[in-house]
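So the structure is just underneath, and the comments pick up after that.
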Amino acid sequence: MRKTVCKGIRICSLTFLTLIFATALPTAGGQTPTVKPTSVNKQTASEAKTDSKELDWWKNAVIYEVYPRSFQDTNGDGIGDLNGITQRLDYLQELGVDAIWLTPVFPSPHVDFGYDISDYKDIDPQYGTLADFDRLVAEAGKRHIRVLMDMVMNHTSEQHRWFLESRSSKNNPFRDWYMWHEGKGQTATDKGMPPNNWQSLFGHSAWEWDEKTRQYYYHKFYIQQPDLNWNNPKVHEAFKDIAAFWLKRGVGGFRFDAITTLFEDPSLADEGEVKDADGKVVINAYGDPQLDGSKTDNQPGLHPVMQEMRASTDKFSLPAFPGTRVLIGETYLHSIEDLNAMYGTPDTPEFHLPMDTQVALINKLDAPTFRTRLQDAETNLGNHVPLLLFDNHDNPRLDARYGDGVHDEDIQRVLSTILFATRGAALFYYGDEIGMKTTPPTRKEDVKDPIGITGWPKEKGRDGERTPMQWDASEKGGFTTGEPWLPLPPSVKQINVAAQKNDPNSLLSWYRGLIRLKKTVPALVNGENLMLDTENVKVLSWIRQEPGAAQVLVSVNFTAEPQTVNLANGGAGVEPRKLKTLLKSPGGADAATTGAIVLGPYGVYMGEVH
Ligand code: BGC
């Protein structure tokens, strides 16, 4: 079953995404194009003294997203915990990851499963303690794995002390930490209407009436997640302090949640409604008109904030925890230009790695679109390091967006090859490496994610991509001894780590092999990425090249039919040469020379040019 969904934090930016197609850059036959310099980011004096390997670790990083609730439970309560992650570090080391990003583990009422934070400087008892966290960081460090945390700055929980204060009275010192406004037509006795038509990304009006102080507050997400007021300098100071708290504990950086929604247009003007080709207003899964996001998304204020966060984070290259603290952005954006802006400038850097959702949400196996977007990442990001990814805890897994139900595993080999064999950092989601399948609830009463209740049946929520990690074939998948918070999918019997770890043809072995190549083959470490055979609509081919190192050629078949490509035919950019195989699909792929690369259905071939 192939679904074309657009569920980036259900933002559905792609509904109104303007695609900017960059000019393709094929090379003339036989020419060796020059290698681009890697990202030039401003370094502080103390960084300059640090080992360059520690400084540059993020440029070719493999980052693994852990959804702690679903990874490994050690106390039998059916909810994953920090000790569970620590217990599985050897597995992650063997897989070859450089860093793990933990979705929020802070105290929370868990309306949005941790994205509603009530205390930014502690660990939720469900997940463990600060001591467990410190042990995780230390044990991960021994295995050269950095721990990255989620930084949720757009909103807090309604249970956070700041909001409790803020809503207590109009004169409270925390009142202007949040976004309070009078209603439209409000009088002493009538609350009027919400200030404008802005909507929550989780359905319906983004304004909630608060009877006690008789004003509305703004919430881009759930009602229980009031938005902070980033025009208040005290909010900036509070978050720099929070970042420092975790940096001192040795974290390797942060992933900035929902960062494009930090600011709103001060005019409070209504947003436009999105219309379809017939001029009819598009209605979203919650039954509301789809709005264009023009007043509440990607507003200019966020750049100075990120410059400030970057400057304060850069200070923390301390000897005890050497190396760059990386800033990753959850950057659902409309164009490659907007993405490029997220890196900042050499003098005022912002993110090291804003997520490239141009590639992440293509949502169909279309070779020309992949070629264009990958080419964009290589040439239109001002020499910065792209961060590719394909899924996360907010989007259906790969099978639901790219699979055909028959070749899902081979299709995943295609996607993972694109992820790990193109230049830049790669981010993937727990369970991808074994081919875990999206398993949404089948009954409304089983739904845990509140948007699945509001939007049922069109929007079933995000439970389907958050099911427990499948460690073995047992009923509870080796995840827990208790009652798992979400049921293990029936596929656990076939799809699990135990079944794959010693099988050289398994998907898990494929991921391990690809990651090893990314780390060890010189052209794959940082070599330039050049698309080849650029008119081919069925096979995507590219070459990685680094001066003084053998070129690496990669071809992936986007179809269910076998394909043969000739990449040495003059127009393709490589000379007729012998190939030394580095990796090929177990289902079929082979090549002896650059002139005849044979690929089975969704086959992958990667070889060194000699
Ligand atoms: C997170 C979601 C969360 C939302 C609100 C997103 O970007 O990835 O899981 O629901 O932010 O915090």
Side-chain angles (χ1 to χ4, degrees), residues 5-14 63 65-70 101-118 120 124 148-160 163 178-179 199-204 206 218-228 230 239 242 254-262 264 285-286 293 296-298 302 327-333 342 351 354-357 360-361 387 389-397 427-430 438 447-455 459-467 486:
V5 280
C6 166
K7 293 187 177 172
I9 59 169
R10 270 57 179 179
I11 275 179
C12 278
S13 307
L14 289 193
I63 306 169
E65 178 187 352
V66 175
Y67 196 70
R69 211 176 168 79
S70 296
W101 148 39
L102 310 183
T103 58
V105 288
F106 316 99
S108 162
H110 290 285
V111 173
D112 193 11
F113 296 108
Y115 281 96
D116 45 327
I117 297 169
S118 52
Y120 286 79
D124 191 291
L148 314 179
M149 299 203 91
D150 224 304
M151 180 62 88
V152 184
M153 308 201 304
N154 180 69
H155 48 266
T156 67
S157 159
E158 59 168 357
Q159 297 301 325
H160 196 289
F163 190 68
Y178 293 85
M179 312 268 298
Q199 283 171 19
S200 160
L201 288 169
F202 290 163
H204 314 321
Y218 178 71
H219 59 92
K220 186 71 181 171
F221 296 92
Y222 290 122
I223 290 169
Q224 298 87 344
Q225 293 169 301
D227 269 47
L228 284 156
W230 276 88
F239 276 92
I242 289 162
F254 303 100
R255 171 263 192 190
F256 286 79
D257 181 68
I259 197 66
T260 64
T261 63
L262 214 57
E264 295 72 35
Y286 308 107
T296 58
D297 190 32
N298 197 17
L302 80 92
L327 305 192
I328 295 175
E330 191 198 21
T331 40
Y332 288 98
L333 291 164
M342 293 294 164
F351 292 104
M355 290 179 357
D356 185 340
T357 58
L361 296 179
L387 172 61
L389 73 155
F390 283 112
D391 62 352
N392 58 27
H393 62 286
D394 293 324
N395 293 284
R397 286 180 179 273
L427 169 61
F428 68 112
Y429 186 46
Y430 81 94
T438 319
V447 174
K448 297 277 196 304
D449 182 18
I451 57 170
I453 299 168
T454 323
E459 170 59 76
K460 295 197 167 87
R462 297 163 291 182
D463 297 352
E465 53 265 25
R466 297 173 175 181
T467 56
L486 280 177

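The chain is numbered in sequence order, starting from 1. Note that ligands are numbered from 1 as they come in the structure, with each ligand's atoms numbered from 1 the same way.
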Seminar exercise, completed: For D116, the side-chain hydrogen bond (donor to acceptor under 3.5 Å, both in side chains) test, sequence neighbours excluded, returns S108
Which of the numbered atoms in ligand 1 are below 4.0 angstrom from a heavy atom of [X]?
X    : answer
R466 : 9 (O)
H155 : 5 (C), 12 (O)
F202 : 10 (O)
R462 : 2 (C), 3 (C), 9 (O), 10 (O)

Problem set entry | Of the listed options I451, T103, D112, I259, closest to atom 3 (C) of ligand 1 (non-hydrogen atoms) | D112
Seminar exercise, completed: Restricting to heavy atoms, the pick from T261, D394, T260, D257 nearest atom 11 (O) of ligand 1 would be D257
For this session: Identify, with sequence neighbours excluded, every residue that meets side-chain contact (heavy atoms from CB on, under 4.5 Å) alongside T296.
Result: W198, Y218, K220, E264, E271
For this session: Classify the ring geometry between Y178 and F163 as parallel (under 30°), tilted (30 to 60°) or perpendicular (over 60°).
Result: perpendicular
Exercise. Should the pair H393 and W101 be assigned to parallel (<30°), tilted (30 to 60°) or perpendicular (>60°) ring geometry?
Worked result: perpendicular
Problem set entry | Six-ring centre of F428, R397 cation under 6.0 angstrom, axis tolerance 45° | no
For this session: Hey, could you give me the CD/CD distance between Q225 and E158, rounded to the nearest 0.5 Å?
Result: 9.5 Å
Exercise. Relative to ligand 1, is R255 under 4.0 angstrom through side chain, backbone, both or neither, heavy atoms considered?
Worked result: side chain
